[in-house]
Each structure stands twice: as structure tokens, then as C-alpha cells.
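First, the structure itself, so that you have it in front of you.
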Amino acid sequence: VYLTAHADTITLERAKITEPYGYLIKPFKKREIRTTVDMALNKHRMEKKLIGSEEKYRDLFENMTDGICILNADHNVVDVNRATLGITGYSREEYLKIKIEDTVYHEDKEKSNMYFKKLLEDGVYESYEGRIVTKSGEVKWVGVNSNVIKEDGKIIGSRDIIRDITERKMTEKLLQNSHNELELRVKERTSELNEANKQLIQDIIELEQAELTLRESEAKYRNLTEGLDEVIYRADPKTLIAVYVNRAVESVFGYSVEEWLNNPELWENSIFPDDKEKLFAEISAAQKKVKGSVLEYRITRKEIGRAHV
């Protein structure tokens, strides 16, 4: 907070460079000082909360197993997480310089354009499946869900959730080939078709709109987790006691969020006894590797019964 007798433009502009919390010109009253200091302290507290909220959002954003890509209205990439870079093979700097349609496989461009049009008309599209060309030239299959980002009612971009479904598509192709061979043998023997193709339906994951202010930043973190069917939680790495959990805990474990957070022993008590020793050993091994892991174990749900997670 600057206290000065100078009110000239040059002095004021120099002060602005330092981004002060307040600027008082002499003479001033005691009440003016108190008001300015109170506002400065409040602004500082809000900025600290905003930074903390942004860090939580960024941690979730970067560590999602699915790719997340934020585009502007011109389809230029403005933000991307590590999973997307892993799928495409680009570095972050390289990916931020390209238009998303430049990565679409040439045979799928017409279909991709149709989905972009649907996004502008409906504000969302789901279950798009198409091919992309990675940095190395490899062709991969991806599944995409997308919704628009608005500001003051105007579309300023979109948020895409990307999943690599190449392996699934290869499996489908192998299954299809086997099916065709079986059909051919059946035709040769009976001239009748008995089989039908089966489709696998991609899981739909939606993320709520991300905002940049403190309140909206916290909301986008909450919306990002509360809208999921999977349980998302943060736990103390030493005690494994949950410090946050989303509402999906009610459908998966049968407990309310309040019950879960108020009773640190619920998670451990929910683990099926035969799985505890193996599970804690896997958790310990994962912590030593300092990398993500997929752990599967059985739980006893509240008043419902046993389930796998």
C-alpha cells in the first residue's frame, strides 16, 4: 500500500507497475487508511485461495487418465493435459501451435466436421469415434465427448474429453474377421446367416465448465468430480484418511459424503477382509514408484452387500 503526497501521472503509472493493493494520497484520514488496509488484506486472502483452488484443478486436470483438450473458437488448442500428449506424441509446445482438425485422419474429416457443427448447434456431442494421425504418423482411434465453453452467452471455445480406443477397435476388427470367417463357413454348410455384429459402447465422461475466478475456479473443480459416476477422493498419503470425496461414494459404497468424511475408518472397514493385506501391499508399492496404479479389490457396501471396485 503506497502512502504518498504525489498524485502526478508519472508517479501513479510507476506505482501501477508493482500492482499495489492500495494507493493513498496525503493528506488522508485514519478511516481511509483502515479501509484501504482491510481491502488489501482481503484481496491477499482471496488471491491465496484462488491459487490453491487453481492448483487443485490443475492437479486433477493433469492426472486424468483420459485426455483433456481445451480449444478456442477457432479450434486452436489453448490447453492440454499429459494424457492427450501421450496419445498424440506431441510435446505441449508443439500441440499448442496446431489446429485440432489438422490431426484428423483424412477419411474422417467429413464426419469430424459434422460433429463440430453439432457442437455449435447443440452445445455438446457424445461418443464420437474417429481416427487421428499422431506426430510419428501412426493412425489411432479415439473416442471424444465435447461441450462448449461460454462467456456472457457467447461460445468462446470447447472442452474435449479424449480416450484412446485403438486397442478396442483392433479387438473389434479381429472379432469381426473371426465372425466373417464363421459366417462364410456357415454359408458353405447351411447358406444361412446366424450371427450379428456386436457393438461396444464407450463410457461417457463429462466435465463441467472451467472458470477463472476464485469462486468459479472452485466450482469447476467440484463440478469436475461431482459429475462423475466414479468415486474421486483425496487422501492423506501416510494415513490414507480421505480429506475429500465426491457424491459417487453414495452409489458405490452406500455412505453419504458426510458419513465418509466424518468417520476415517469407513474406507478400511469397507474393504473385504480377504483383500486387505494384498491391497495395502499394492498401495505401498505404488507409493514407492510415485506413479499412478490401478488397484482392484472387493468392498462391503452399507446395507447392500459386496461389490468390486
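What you see is a predicted model; the values in this text were computed from it and never measured.
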Taking every non-hydrogen atom, the tightest pair across R163 and D66: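 Scanning both residues completely, I find the closest heavy atoms to be NH2-OD2, 2.8 Å.
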
Does a sphere of radius 6.0 Å around CZ in R131 hold more than 12 heavy atoms from other residues, nucleotides or ligands, not counting ones at 6.0 Å or beyond? yes

Look at the side-chain heavy atoms of Ile, Leu, Val, Met, Phe, Trp and Tyr, link any pair under 4.5 Å apart, and say whether I232 and I241 land in one connected group.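 Hydrophobic grouping puts I232 apart from I241.
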
Using modelled atom types and a 3.5 Å cut-off, is there a donor and acceptor pairing between side-chain atoms of N269 and backbone atoms of E265?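 At least one qualifying donor-acceptor pair exists.
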
Any chance you could lay out the side-chain contact (heavy atoms from CB on, under 4.5 Å) test for F116 and I100, step after step, and finish with the verdict? CA-CA 11 Å; F116 271 124; I100 198 68; 3.6 Å; yes

CG-CG distance between L71 and D160, expressed to the nearest 0.5 angstrom: 5.0 Å

I149 with V78, same ILVMFWY side-chain cluster at under 4.5 Å: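 As far as the 4.5 Å side-chain criterion goes, V78 and I149 are connected within one cluster.
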
Is the ring pair W267/Y297 parallel, tilted or perpendicular, if the boundaries are 30 and 60 degrees?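 Ring orientation of W267 relative to Y297: perpendicular.
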
Given 3.5 Å as the limit, does a donor-acceptor pair link the side chain of N246 with the main chain of E230, or not? yes

Look up atom CD1 in I299 and atom CG in D275, then write down how far apart they are to the nearest 0.5 Å. 10.5 Å

Would you say that more than 12 heavy atoms from the other residues, nucleotides or ligands in this model lie under 6.0 Å from the CD of E107, or not? yes

Nearest heavy atoms of D74 and N72, plus distance in Å: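 Reported closest heavy-atom pair: N-OD1, 2.9 Å.
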
Please report the interatomic distance CD1(I161) to CD(E126), rounded to the nearest 0.5 Å.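 The CD atom of E126 is 11.5 Å from CD1 of I161, to the nearest 0.5 Å.
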
For E172 and R168: C-alpha separation, side-chain torsions, deciding distance, then whether salt bridge (Lys or Arg N to Asp or Glu O under 4.0 Å) applies. CA-CA 6 Å; E172 288 179 351; R168 195 197 85 190; 3.2 Å; yes

Please report the shortest heavy-atom distance between L119 and S146, naming the atom on each side. CD2-OG, 3.5 Å

Under the rule for side chain to side chain contact (heavy atoms under 4.5 Å, CB included), what residues qualify as partners of E268, not counting sequence neighbours?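 Listed in chain order: K276, F280.
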
Under-4.0 Å salt bridge between E93 and K97: no

Should the ring pair Y95 and Y90 be called parallel, tilted or perpendicular, given that the plane angle runs from 0 to 90° and is split at 30 and 60? tilted

I'd like to know if the side chain of T88 and the backbone of T84 have a donor-acceptor N/O pair within less than 3.5 Å.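 Answer holds: yes.
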
Can you name the nearest heavy-atom pair linking S127 to N145, along with the distance? N-OD1, 2.7 Å

Flag yes if more than 12 heavy atoms outside K99 fall under 6.0 Å of its NZ atom; otherwise flag no.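 Correct, the count exceeds 12.
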
Is it possible for you to check whether K111 lies under 6.0 Å from the centre of the six-membered ring of Y128, through NZ or CZ, and within 45° of that ring's axis? yes

Is the side chain of S284 donor-acceptor paired with the backbone N or O of A281 at a distance under 3.5 Å, no angle test?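 Looks like no, no N/O pair under 3.5 Å.
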
Nearest-0.5 Å distance that lies between atom CD in E138 and atom CD1 in I87: 11.5 Å

W260 vs S270, test: side-chain contact (heavy atoms from CB on, under 4.5 Å). Steps then yes/no. CA-CA 11 Å; W260 193 264; S270 299; 4.2 Å; yes

Starting from the C-alpha separation in whole Å, work towards a yes-or-no answer on side-chain contact (heavy atoms from CB on, under 4.5 Å) for K173 and K169. CA-CA 6 Å; K173 186 175 182 180; K169 283 293 185 178; over 6 Å; no

So, taking the atom named OH in Y115 and the one named CG in L120, what distance separates them when rounded to the nearest 0.5 Å? 15.0 Å

Closest heavy-atom contact between T166 and W141?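 Heavy atoms only, the tightest pair is OG1-N, 3.0 Å.
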
For the atom pair CG (L295) and CD (E282), what is the distance rounded to the nearest 0.5 Å?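 It comes to 5.5 Å.
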
State whether the side chain of R301 and the backbone N or O of S251 hold a donor-acceptor pair below 3.5 Å, judged by distance alone. yes

Nearest non-hydrogen partners of R159 and I68, listed with the distance: CG-CG2, 4.4 Å

Take D79 and R92 through the side-chain contact (heavy atoms from CB on, under 4.5 Å) test and state the conclusion after the steps. CA-CA 8 Å; D79 202 0; R92 184 180 299 274; 3.7 Å; yes

Is it the case that over 12 heavy atoms from other parts of the model lie below 6.0 angstrom from the NZ atom of K117?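 Result for NZ/K117: open.
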
Each residue besides V139 in its hydrophobic cluster should be listed here, by chain and number; the cluster joins Ile, Leu, Val, Met, Phe, Trp and Tyr at side-chain heavy-atom distances under 4.5 Å.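 V139 clusters with Y105, V133.
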
For N177 and E181, which I'm curious about, is there any donor-acceptor pair between the side chains at under 3.5 Å?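 Short answer, no.
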
Please answer: with hydrophobic residues joined when any side-chain heavy atoms are less than 4.5 Å apart, are I98 and L96 in the same cluster? yes

